[in-house]
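Heads up: the structure comes next, in structure tokens.
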Amino acid sequence: MAQRYSSPPDPHAFREAVWDIVRSIPPGSVATYGQIANLVKIPGGISPQDYRAFAPRWVGGAMASCPPDVPWQRVINSQGKISLSGMAGARQRELLESEGIIFDERERIDLKQFAWVGPG
DNA sequence: TCCTTGACTCAGA
DNA sequence: CTCTGAGCCAAGG
């Protein structure tokens, strides 16, 4: 639902940065919330430690409401699994499979094989 | 007003 | 590999 946890110093800028990174994930690859968070520049006024603890959830919050041109389906959790439930989760799996992503019998993606290597 | 519930990750066992 | 609990905060019942 509308859980915001603690918000980043500049929520707007943070979301923009997150969307920008997600847009650069190529089809057939996936990235974790933590990976995205790690690519966003740490906002001023927050310790790297706190950032690491909460940024992944901020990323989730950013994904909860993103522009139509953002491939939100390519963002999953650190376990290689979809964090959505119900129809949204089924939808995400459909989209990923249509890109060639393979799911485990445990509904899990092999990150060794499909994880995005980053912008570089 | 209290309790539950989240687009999360990490360290332990 | 799987299962717990901690860290944090806000909306809804």
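The structure displayed is predicted, hence computed values, not measured ones.
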Strictly under 3.5 Å: I want the nitrogen or oxygen pairs between protein and nucleotides 10-13 of chain B, one per line.
none

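- A ring pair (Phe, Tyr, Trp, His ring centres under 6.0 Å) check over residues 8-41 of chain A, counting only residues at least two apart or in different chains, returns the pairs A:Phe14-A:Trp58.
- As a whole-Å value, the separation of A:Lys81 NZ from B:dT9 C1' is 14 Å.
- Crowding of A:Arg91 atom CZ: a count of heavy atoms from other residues, nucleotides or ligands under 6.0 Å not exceeding 12.
- We find that CD1 of A:Ile82 is positioned 14 Å from P of B:dA7, with the value rounded to whole Å.
- A:Tyr51 has its OH atom 13 Å from the C1' atom of B:dC8, to the nearest Å.
- Atom pair A:Leu39:CG and B:dT9:P shows a separation of 13 Å (rounding to whole Å applied).
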Test side-chain contact (heavy atoms from CB on, under 4.5 Å) on A:Leu111 and A:Val30; report intermediate values, then the result. CA-CA 8 Å; A:Leu111 289 177; A:Val30 296; 4.0 Å; yes

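- Using P as the reference atom, B:dA7 and C:dG13 are 15 Å apart when rounded to the nearest Å.
- Of all nucleotides listed (B:dT9, C:dG7, B:dA7), C:dG7 comes nearest to the side chain of A:Phe54.
- By the ring-ring contact (aromatic ring centres under 6.0 Å, His included) test, A:Phe114 is found to be paired with no residue, residues two or more places apart in sequence or in another chain being considered.
- Partner of A:Ile21 under the side-chain contact (heavy atoms from CB on, under 4.5 Å) criterion, out of A:Ile36, A:Asn38, A:Val70: A:Ile36 alone.
- Sorted pairs that involve residues 32-51 of chain A and meet salt bridge (charged side-chain N to carboxylate O under 4.0 Å, His left out), not counting sequence neighbours, are lacking altogether.
- Partners of A:Asn77 under the side-chain hydrogen bond (donor to acceptor under 3.5 Å, both in side chains) rule, at least two apart in sequence or in another chain, are A:Ser83.
- One atom, CD of A:Gln35, and another, C1' of B:dT9, lie 14 Å apart when rounded to the nearest Å.
- Of the residues in residues 87-116 of chain A, those placing a heavy atom less than 4.0 Å from an atom of DNA chain C are A:Arg106, A:Arg108, in numerical order.
- Remark: P of C:dC8 and CG of A:Asp50 are 7 Å apart, rounded to the nearest angstrom.
- In terms of polar N and O atoms assigned as donor or acceptor, the side chain of A:Arg57 comes within less than 3.5 Å of the base of C:dC8 in a complementary pairing.
- Here the P atom of nucleotide B:dA7 and the CE atom of A:Met63 are 13 Å apart, to the nearest Å.
- Using a 3.5 Å distance cut-off with no hydrogens or angles, the side chains of A:Gln73 and A:Glu94 do not pair a donor with an acceptor.
- Side-chain atoms of A:Arg74 never come within 3.5 Å of backbone atoms of A:Ser29 as a donor-acceptor pair (strictly under, hydrogens ignored).
- Rounding to whole angstrom units, CH2 of residue A:Trp58 and C1' of B:dC8 are separated by 12 Å.
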